[in-house]
Asks: 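To start, I am sharing the structure in question, which I have written as structure tokens.
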Protein chains: 4
Amino acid sequence: MKENLLIYISIFLYLNKRTKYMSHNLLKGKKGIIFGALNDMSIAWKVAERAHEEGATFTLTNAPIAMRMGAINDLAEKTNSKVIPADATNVEELKNLFSESQEILGGKVDFVLHSIGMSPNVRKKKKYTGLNYEWYKQTLDVSAMSLHKVLQVASEMDAINEWGSVVALTYIAAQRIFPDYNDMADAKSLLESITRSFGYHYGTSKKVRVNTISQSPTVTTAGSGVTGFDKFIDFSENMSPLGNASSLDCANYCISMFSDLTKYVTMQNLFHDGGFSSTGVTNAVMDRFGE
Amino acid sequence: MKENLLIYISIFLYLNKRTKYMSHNLLKGKKGIIFGALNDMSIAWKVAERAHEEGATFTLTNAPIAMRMGAINDLAEKTNSKVIPADATNVEELKNLFSESQEILGGKVDFVLHSIGMSPNVRKKKKYTGLNYEWYKQTLDVSAMSLHKVLQVASEMDAINEWGSVVALTYIAAQRIFPDYNDMADAKSLLESITRSFGYHYGTSKKVRVNTISQSPTVTTAGSGVTGFDKFIDFSENMSPLGNASSLDCANYCISMFSDLTKYVTMQNLFHDGGFSSTGVTNAVMDRFGE
Amino acid sequence: MKENLLIYISIFLYLNKRTKYMSHNLLKGKKGIIFGALNDMSIAWKVAERAHEEGATFTLTNAPIAMRMGAINDLAEKTNSKVIPADATNVEELKNLFSESQEILGGKVDFVLHSIGMSPNVRKKKKYTGLNYEWYKQTLDVSAMSLHKVLQVASEMDAINEWGSVVALTYIAAQRIFPDYNDMADAKSLLESITRSFGYHYGTSKKVRVNTISQSPTVTTAGSGVTGFDKFIDFSENMSPLGNASSLDCANYCISMFSDLTKYVTMQNLFHDGGFSSTGVTNAVMDRFGE
Amino acid sequence: MKENLLIYISIFLYLNKRTKYMSHNLLKGKKGIIFGALNDMSIAWKVAERAHEEGATFTLTNAPIAMRMGAINDLAEKTNSKVIPADATNVEELKNLFSESQEILGGKVDFVLHSIGMSPNVRKKKKYTGLNYEWYKQTLDVSAMSLHKVLQVASEMDAINEWGSVVALTYIAAQRIFPDYNDMADAKSLLESITRSFGYHYGTSKKVRVNTISQSPTVTTAGSGVTGFDKFIDFSENMSPLGNASSLDCANYCISMFSDLTKYVTMQNLFHDGGFSSTGVTNAVMDRFGE
């Protein structure tokens with residue numbers, strides 16, 4: 001009896017925990033496409049897990065080259081979803097992605113996550129004042145124009161339902177300079193502009209909304225290439241009244257943006273950063289400045 | 001044993017059923033205080049209804065003078081909540097409000113909605129270039145400083161739980177001038193500044209977050225006093241890619257901000273306006289000009 | 001004929017010489033009122049000196065209480081100007097100020113500098129989360145509403161020429177929180193809102209423009225009361241690509257805003273801060289964060 | 001005699017006018033490079049005229065193809081300057097431009113005006129939701145990346161003096177959507193980001209400042225290609241408390257930014273728009289919305 005009781009109590013606690021932390025079924029019936037899940041450090045990975053918990057169905061996609069390194073198939077299995085490789089700078093592959101996704105999911109999609117960024121100049125340690133311009137174009141194409149291509153393909157195929165929601169991940173370097181962020185700052189500014197521009201047109205014609213979430217610096221495979229990134233995470237933690245936001249919290253915020261609770265939010269850049277963006281200085285940072 | 005099993009199964013089904021309930025139980029277990037529900041046109045009224053549906057318990061409050069006109073008791077009955085009159089400019093009455101609320105709700109609160117605004121200069125048709133300064137001070141006190149008082153009382157009484165969420169409603173007149181909005185524009189700027197300032201301190205000390213939602217112009221009893229308001233609603237509708245956001249949609253957005261999905265959003269002004277704030281002009285508005 | 005020619009040539013040379021004068025005579029013929037020159041550390045003091053060099057005539061004013069401490073009469077002598085005491089929160093005294101100024105200067109004014117700020121809460125070491133509300137109201141009245149009063153008095157008396165320019169000094173705490181800046185942050189937000197609001201009305205009716213200049217933290221008598229101000233100046237210096245702007249540079253910027261070179265700039269907040277406002281972090285600041 | 005008198009009076013008035021409107025010698029001794037003067041409707045043309053009046057010496061440049069259409073040689077003669085053709089997307093041609101300019105002007109330059117923009121998608125009437133991506137890349141390269149190239153070439157050659165000032169012209173479409181502005185909005189966002197990014201690095205290393213001026217819509221040869229541009233000018237005029245700013249006023253503002261009066265302004269986007277950017281609606285626009 002005692003053993004049984006313990007089992008039942010643990011079932012009770014487990015269920016209770018579920019109802020507290022997840023399974024609000026906020027995305028029940030919604031269909032989506034998630035770009036950029038590389039491994040379990042990726043924000044997109046967390047978004048996929050949380051969207052699954054909230055009742056959504058979706059396809060996963062990433063660049064063929066990124067998929068070789070990643071563990072995306074584990075995620076697909078876990079979330080009961082299909083993987084469709086696509087280079088987000090390639091219009092034909094995007095068309096195929098939307099076409100296959102609609103077939104698999106049984107109709108138009110309701111949400112899209114764009115979590116794509118890459119700078120050859122950063123990777124190859126070029127300074128911002130000594131950029132390689134071919135690489136700069138690649139940075140812009142992969143990290144920003146890809147969003148335009150996703151949206152243009154979707155709107156031409158009429159592949160997103162009314163009140164659908166598109167979210168792209170960005171960083172505050174689009175507004176203020178962080179020297180090591182390099183040409184990614186320009187790419188993020190361009191990304192946010194595309195968000196507004198396409199958000200206008202897609203909102204007017206089909207009530208599809210487009211927003212960016214500007215997330216705290218996050219330890220991911222992408223971030224980890226940047227010089228002095230640990231020190232920077234530390235600075236950001238000290239400069240944010242609530243501390244840096246985690247990937248999981250970012251995923252939760254994405255879920256809210258995909259849900260029907262935020263239907264009239266569009267063409268916005270939304271800071272999810274523990275207050276960093278509205279903070280000039282904290283006492284914690286001032287303490288680093290001597291007598 | 002069998003009996004026990006049945007009990008456990010019924011617990012299981014009960015918990016499971018709750019998670020699939022039409023409302024998402026996003027605020028299950030959360031306690032709150034809602035300021036400013038005057039009648040069923042009020043945004044605060046919709047927030048109360050939606051918070052109730054999402055599983056929250058809360059108290060309702062309004063200025064004693066506002067309550068004479070209102071139908072707040074109907075709302076209280078409908079949402080199974082108590083009404084506690086309080087003048088939001090009066091620190092003693094706010095202390096009483098927080099003290100009684102905690103007693104009624106059985107602990108600290110998790111969310112607060114501030115939906116308070118009033119300008120004697122607007123009511124009495126004073127122009128912005130000919131303000132009565134006593135009334136101007138009243139506008140600021142009622143519409144903005146009241147938020148500081150609410151937060152100062154709450155923090156001194158330690159009345160809000162960690163990760164609690166405070167939302168105040170504002171309007172884009174804080175950033176751009178709409179001539180008839182008069183001294184309310186200044187009050188909203190002050191309100192947004194208080195949001196950032198107190199958000200810093202309350203975030204750092206207790207992880208409480210504070211934000212404003214900048215809502216489309218909304219037909220409420222408050223709004224209806226403004227000159228030419230109907231024409232203005234029409235302009236705003238034409239200038240917003242998704243159209244003006246309704247009170248109900250605004251309430252939904254408030255729910256998302258009170259939920260655990262948005263834990264790292266603080267010190268922000270969040271536009272809930274169908275894209276108005278990021279739109280320079282629309283084709284619909286251009287059609288009113290020339291050939 | 002020859003005589004005539006000599007006269008004309010001398011007129012020519014006279015005019016030509018003036019244009020080559022060390023100071024650029026940018027404000028030649030312009031009349032103004034300068035608020036807030038306390039001593040030679042004040043920005044307003046530098047503005048008066050520079051405006052004088054640039055050919056302007058003006059009156060100086062300050063609160064009677066501030067003048068007891070100050071050395072404003074030395075400045076008046078140096079710049080050949082009159083001092084008219086006025087409490088900027090007192091409408092009657094402002095009316096007298098504008099009336100006397102017009103009499104002394106021989107006509108309407110072309111520029112006004114508002115450099116006024118004071119917080120009893122800061123002086124008496126109240127924390128932002130424990131404000132004295134009577135003092136808070138005083139902070140807002142002295143530091144922000146005073147600008148509205150200046151403008152309302154001026155517009156009711158029609159005391160500013162078309163294309164006249166009003167500048168008020170502010171600080172970036174209006175946008176981002178600096179914990180020790182306390183309720184002055186809210187006052188500056190209000191000040192910037194009044195700038196936009198009144199700028200709209202005064203621009204529409206009389207083509208008068210109104211702007212704020214958001215200056216680097218500056219060692220003045222006003223600034224020196226703030227806790228840890230030296231450390232803060234150091235932080236700001238390290239966080240600004242060009243370093244902190246000096247009072248003299250700020251005065252130069254004010255001159256440009258009073259001149260005819262900036263006629264279509266209105267309702268703006270202009271950062272004069274060595275790039276601080278657009279900087280997320282510098283290498284100099286990152287160096288304070290460990291390995 | 002009477003005739004002579006009239007002549008002399010007219011000389012007097014002419015000189016007087018000169019001292020009032022110009023010839024403050026604000027840029028005496030300064031050297032510069034001006035991009036983008038096509039004909040006398042160009043803002044760059046006015047900047048050249050005004051810079052000449054203010055005592056600067058400079059070279060003029062434009063793309064070889066643009067120069068065939070233009071009348072740039074007239075301007076060169078009038079301002080006593082040399083023309084050096086250069087395609088601003090071509091690093092080698094920019095190197096030659098800076099090298100020749102320094103030779104002609106006798107040293108490093110103090111100011112640069114970037115007034116370059118072109119979109120094949122706009123010209124060829126592609127919609128923003130149906131862009132040709134090769135043309136999109138061209139829009140970005142010509143209208144935005146060209147600024148990076150100018151700055152990278154200048155900094156690698158150390159061709160700009162300390163406290164030198166670089167100004168690029170932009171438009172508020174970078175912040176808010178104007179549907180016909182198409183992909184130029186994205187280009188302007190990128191341009192403004194480059195301004196901040198390079199401004200950080202060039203400010204830190206050499207105290208060179210970089211800013212954008214966001215100008216009212218202006219009737220130029222460039223603007224005149226846009227659909228419905230006259231209607232749009234009319235809308236903007238009605239939406240600006242001071243009306244639209246002219247090319248000449250914009251040139252004056254550029255002069256102030258090149259002068260030593262604005263030394264600590266960097267990494268900023270400066271609205272020169274008669275208040276448009278801070279205006280939500282005007283009574284003049286509301287009058288277009290019926291009863």
Side-chain angles (χ1 to χ4, degrees), chain B residues 89-91 121 126-134 136-141 144-149 151-156 173-206 208 210 266-267 269, chain C residues 89-91 121 126-134 136-141 144-149 151-156 173-206 208 210 266-267 269:
Chain B
T89 66
N90 183 310
V91 169
N121 282 301
K126 285 277 176 188
K127 290 191 177 172
Y128 187 76
T129 53
L131 292 184
N132 173 312
Y133 287 114
E134 282 316 303
Y136 188 35
K137 284 177 185 171
Q138 253 184 283
T139 302
L140 299 181
D141 194 16
M145 288 177 59
S146 60
L147 178 65
H148 193 287
K149 289 172 184 172
L151 290 165
Q152 184 157 308
V153 164
S155 78
E156 285 181 347
Q175 284 78 39
R176 298 181 210 158
I177 300 316
F178 298 81
D180 293 332
Y181 207 71
N182 210 316
D183 60 347
M184 279 301 295
D186 298 339
K188 290 304 195 188
S189 286
L190 182 58
L191 180 80
E192 295 177 17
S193 180
I194 290 168
T195 296
R196 288 186 295 271
S197 293
F198 222 110
Y200 172 88
H201 292 286
Y202 221 159
T204 306
S205 63
K206 293 277 173 179
V208 171
V210 191
T266 195
M267 305 166 71
N269 180 41
Chain C
T89 67
N90 183 311
V91 169
N121 282 302
K126 285 278 175 188
K127 290 192 178 170
Y128 187 77
T129 53
L131 292 184
N132 172 312
Y133 287 114
E134 282 316 304
Y136 188 35
K137 283 178 185 171
Q138 253 184 282
T139 301
L140 299 181
D141 194 15
M145 288 176 59
S146 60
L147 178 64
H148 193 286
K149 290 173 183 172
L151 290 165
Q152 184 157 309
V153 164
S155 78
E156 284 180 348
Q175 284 79 39
R176 299 181 209 156
I177 300 316
F178 298 81
D180 293 333
Y181 207 71
N182 210 316
D183 61 347
M184 279 302 294
D186 299 338
K188 291 304 195 188
S189 286
L190 183 58
L191 180 80
E192 295 178 15
S193 180
I194 290 169
T195 295
R196 288 186 294 272
S197 294
F198 222 110
Y200 171 87
H201 292 285
Y202 221 159
T204 306
S205 64
K206 294 276 173 179
V208 170
V210 191
T266 195
M267 305 166 72
N269 180 41

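Naming: A, B, ... by sequence-line order, numbering from 1 per chain. These numbers come from the heavy atoms of this one structure, side chains and all, not from hydrogens, waters or symmetry mates.
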Asks: Of the backbone (N, CA, C, O) and the side chain (C-beta and beyond), which part of B:K149 lies under 4.5 Å from a heavy atom of chain C, both, or neither?
Replies: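 For B:K149, backbone and side chain are both near chain C.
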Asks: At a heavy-atom separation under 4.5 Å, does C:D141 approach chain B through its side chain, its backbone, both, or neither?
Replies: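 Side chain only.
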Asks: Which atom pair, heavy atoms only, marks the closest approach of C:Y128 to B:Q152?
Replies: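 The pair with the smallest heavy-atom distance is O-OE1, 3.7 Å.
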Asks: Any idea which heavy atoms bring C:D186 and B:S193 closest together, and the distance?
Replies: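 Looks like OD1-OG, 2.7 Å.
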Asks: Would you mind checking which part of B:Y202 comes under 4.5 Å of any heavy atom in chain C, side chain (CB onward), backbone (N, CA, C, O), both or neither?
Replies: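 Nothing of B:Y202, per the 4.5 Å heavy-atom cut-off to chain C.
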Asks: If you count heavy-atom pairs within less than 4.5 Å of chain C, which of B:I194, B:L190, B:D183 leads?
Replies: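 Going by pairs under 4.5 Å, I would pick B:I194.
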Asks: Counting only non-hydrogen atoms closer than 4.5 Å, does C:F198 touch chain B with its backbone (N, CA, C, O), its side chain (CB onward), both, or neither?
Replies: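 Backbone plus side chain of C:F198, per the 4.5 Å heavy-atom cut-off to chain B.
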Asks: With chain B, which of C:P179, C:A185, C:S189 has the greatest number of heavy-atom pairs at distances under 4.5 Å?
Replies: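 Among C:P179, C:A185, C:S189, the one with the most close pairs to chain B is C:P179.
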Asks: Looking only at heavy atoms, what is the nearest atom pair of B:Y133 and C:H148, with distance?
Replies: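 Shortest heavy-atom separation between B:Y133 and C:H148 comes out as OH-ND1, 2.7 Å.
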Asks: Is a side-chain donor or acceptor of B:R196 paired with a backbone partner of C:A173 at a separation under 3.5 angstrom?
Replies: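 It does not hold such a pair.
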Asks: Who among B:A187, B:G130, B:S155, B:S205 has the most heavy-atom pairs with chain C under 4.5 Å?
Replies: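 Ranked by heavy-atom pairs under 4.5 Å with chain C, first place is B:G130.
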Asks: Identify which part of C:A144 has an atom lying under 4.5 Å from any heavy atom of chain B, answering side chain, backbone, both or neither.
Replies: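 It is neither, since no heavy atom gets under 4.5 Å.
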Asks: Looking at chain B, which one of C:K137, C:K127, C:M267, C:M145 has the largest number of heavy-atom pairs inside 4.5 Å, strictly under?
Replies: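 Highest number of pairs under 4.5 Å: C:M145.
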Asks: Can you say whether B:L131 sits under 4.5 Å from chain C via the side chain, the backbone, both, or neither, judging by heavy atoms?
Replies: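 Both backbone and side chain.
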Asks: Report which part of C:E192 has an atom under 4.5 Å of a heavy atom belonging to chain B: side chain, backbone, both, or neither.
Replies: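 Neither part; nothing is under 4.5 Å.
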Asks: Check each atom of C:K188 against the heavy atoms of chain B and say whether the ones under 4.5 Å are side chain, backbone, both or neither.
Replies: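 For C:K188, neither part sits under 4.5 Å from chain B.
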Asks: Which region of C:L151, side chain (C-beta onward) or backbone (N, CA, C, O), has a non-hydrogen atom less than 4.5 Å from a non-hydrogen atom of chain B, or is it both or neither?
Replies: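 For C:L151, neither part sits under 4.5 Å from chain B.
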Asks: Restricting to non-hydrogen atoms, name the atom on B:T129 and the atom on C:E156 that form the minimum distance, rounded to 0.1 Å.
Replies: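 Closest pair (atom of B:T129, atom of C:E156, distance): O-OE2, 3.8 Å.
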